[in-house]
Asks: 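Let me begin by handing over the structure; questions about it come next.
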Amino acid sequence: MQTASIFQNVTFQDKKPKMDLLLETNGSKEYRLAFAKGQYLKEHKTAASIIVEIVEGNIDFGVNGSKISLTKGMLVTLEPNVPHDLFAITQSIVRLSIHKKD
């Protein structure tokens, strides 16, 4: 059994979002991303399916040239190899779940 807190020991960086591994199991990795207002995570892809949850704040989530405004409590899922980017409208905490068995 493992435990972690999305809210404990949160730190924000000046230049780029702070990414912390919270938990890892045989099937998934759980990360916390801490975005200061205005920070941008450039377009990228993951080799596995992901779920992104907005824990605090407001994020513009870009997929295939479209932007979706995500706020606290919203989730989005993507299949492997889908290009996406994130921009923090406000200071935000994001939970990222990566499924390793894809």
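In this text the structure is predicted, and so the values were computed from the model without any measurement. Nothing fancy with the numbering, it's 1 onward along the sequence.
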Asks: Looking only at heavy atoms, what is the nearest atom pair of A88 and I59, with distance?
Replies: CA-CD1, 3.8 Å
Asks: Considering residues at least two apart in sequence or located in another chain, which fulfil the side chain to side chain donor-acceptor pair (under 3.5 Å) criterion with T25?
Replies: S28
Asks: Once rounded to the nearest 0.5 Å, what's the spacing between atom CD of E24 and atom NZ of K29?
Replies: 4.5 Å
Asks: With sequence neighbours left out, write down each residue that passes side chain to side chain donor-acceptor pair (under 3.5 Å) with Q13, or none if nothing qualifies.
Replies: none
Asks: Please name all residues satisfying salt bridge (charged side-chain N to carboxylate O under 4.0 Å, His left out) with D20, sequence neighbours left out, ordered by chain then number.
Replies: K18, R32
Asks: Starting from I51, walk the hydrophobic network (Ile, Leu, Val, Met, Phe, Trp, Tyr; side-chain heavy atoms closer than 4.5 Å) and list everyone else you reach, by chain and number.
Replies: L75
Asks: For residues 62-71, which residue pairs pass the salt bridge (Lys or Arg N to Asp or Glu O under 4.0 Å) check, not counting sequence neighbours?
Replies: K67-D85
Asks: Hey, could you give me each pair passing ring-ring contact (aromatic ring centres under 6.0 Å, His included) that has a residue in residues 63-83? Not counting sequence neighbours.
Replies: none
Asks: Identify the heavy atoms of V10 and A34 that sit nearest to each other, and give their distance.
Replies: CG1-CB, 4.0 Å
Asks: Under the rule for side chain to side chain donor-acceptor pair (under 3.5 Å), what residues qualify as partners of S69, not counting sequence neighbours?
Replies: N58
Asks: Looking at residues at least two apart in the chain, or sitting in another chain, which of them share a side chain to side chain donor-acceptor pair (under 3.5 Å) with S97?
Replies: E30
Asks: For K72, give me all partners under salt bridge (charged side-chain N to carboxylate O under 4.0 Å, His left out), at least two apart in sequence or on another chain.
Replies: E56
Asks: Using the side-chain contact (heavy atoms from CB on, under 4.5 Å) criterion, which residues pair with N26? Sequence neighbours excluded.
Replies: none
Asks: Walk me through it: do L78 and T46 pass the test side chain to side chain contact (heavy atoms under 4.5 Å, CB included)?
Replies: CA-CA 9 Å; L78 291 178; T46 59; over 6 Å; no
Asks: Can I50 and L96 be said to form a side chain to side chain contact (heavy atoms under 4.5 Å, CB included), step by step?
Replies: CA-CA 7 Å; I50 62 170; L96 170 65; 3.9 Å; yes
Asks: Please name all residues satisfying side-chain contact (heavy atoms from CB on, under 4.5 Å) with A36, sequence neighbours left out, ordered by chain then number.
Replies: Q39
Asks: Roughly how far apart are H99 NE2 and E79 CD, rounded to 0.5 Å?
Replies: 9.5 Å
Asks: Among residues two or more places apart or on two chains, list those pairs meeting ring-ring contact (aromatic ring centres under 6.0 Å, His included) that have a residue in residues 4-50.
Replies: H44-H84
Asks: Measure the shortest side-chain to side-chain distance between T71 and I54 over non-hydrogen atoms and say whether it is less than 4.5 angstrom.
Replies: no
